[in-house]
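The structure displayed is predicted, hence computed values, not measured ones. This chain uses plain numbering: 1 for the first residue, then up along the sequence.
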Amino acid sequence: MSHEKDLYAQIRALDVTGLRRIAIFVRGLLEARGEHSFAEVRKPSVTYRLQSVRCGKPGCTSCPHGPYWYAYYREDGRLKSRYLGKTKPHDEAHADVEPSN
């Protein structure tokens, strides 16, 4: 069991390039053993958007609030959103996405 913990520690210490190499290696092993469903899993497409929101409280004099970051993605064919906060998300795949209001 300690070998497994050592392996996990070494994997956690890898940079992004090393992790991608490990992922490719593991995917190849699984495909060789007949596990094709793993190879079909793809990273979902995410769009980030900076937007202001209304709180809905009667008499609020500072509406709209924000701006706040939201992530938009599709799940089971439906468009979903998720609140991310005031700071821009750190996602290399979508770093070029321009915020829109």
Side-chain angles (χ1 to χ4, degrees):
M1 190 67 137
S2 70
H3 293 298
E4 193 172 304
K5 286 183 181 180
D6 291 340
L7 177 61
Y8 291 151
Q10 291 174 354
I11 292 172
R12 284 187 187 102
L14 291 173
D15 62 356
V16 174
T17 303
L19 290 172
R20 287 185 179 142
R21 288 179 179 162
I22 295 289
I24 292 167
F25 176 73
V26 169
R27 183 175 291 118
L29 286 176
L30 289 171
E31 286 178 6
R33 295 179 185 178
E35 292 290 330
H36 298 288
S37 60
F38 181 80
E40 296 171 6
V41 174
R42 296 177 187 238
K43 183 178 178 182
S45 176
V46 179
T47 301
Y48 297 107
R49 185 175 176 188
L50 189 60
Q51 63 188 67
S52 298
V53 294
R54 297 193 170 276
C55 65
K57 294 179 183 175
C60 180
T61 59
S62 60
C63 273
H65 300 280
Y68 302 110
W69 284 99
Y70 286 83
Y72 287 88
Y73 58 97
R74 293 211 175 264
E75 188 174 279
D76 299 325
R78 299 184 67 154
L79 182 64
K80 296 197 173 193
S81 66
R82 182 174 179 177
Y83 169 78
L84 299 175
K86 285 194 168 215
T87 59
K88 187 173 182 178
H90 300 289
D91 187 350
E92 293 175 4
H94 301 286
D96 59 334
V97 175
E98 289 295 319
S100 58
N101 289 335

For this session: Please check if L7 and V26 belong to a single hydrophobic cluster, counting links between Ile, Leu, Val, Met, Phe, Trp and Tyr side chain heavy atoms closer than 4.5 Å.
Result: yes

Seminar exercise, completed: NE2 (H3) and CG (D6) are apart, to the nearest 0.5 Å, by 7.5 Å

Exercise. Any idea which heavy atoms bring I22 and L14 closest together, and the distance?
Worked result: CG1-CD1, 3.7 Å

For this session: Using the rule that two of Ile, Leu, Val, Met, Phe, Trp, Tyr join whenever any of their side-chain heavy atoms come within less than 4.5 Å, decide whether Y70 and Y48 are in one cluster.
Result: no

Problem set entry | Nearest-0.5 Å distance, NZ of residue K86 to OH of residue Y68 | 4.5 Å

Seminar exercise, completed: Tightest non-hydrogen contact, residues P64 and S52, listed as CB-CB, 3.9 Å

For this session: State whether the number of non-hydrogen atoms from other residues, nucleotides or ligands found under 6.0 Å of Y83 atom OH is greater than 12.
Result: yes

Exercise. To the nearest 0.5 Å, what is the distance between NE2 (H65) and CZ (R54)?
Worked result: 9.0 Å

Exercise. Is V46 linked to W69 within one hydrophobic cluster, defined over Ile, Leu, Val, Met, Phe, Trp and Tyr using a side-chain heavy-atom separation of less than 4.5 Å?
Worked result: yes

Exercise. Of all residues at least two apart in sequence or in a different chain, which pass the side-chain contact (heavy atoms from CB on, under 4.5 Å) check with L29?
Worked result: F25

Problem set entry | Sequence-distant partners of Y72, ring pair (Phe, Tyr, Trp, His ring centres under 6.0 Å), two or more places apart | none

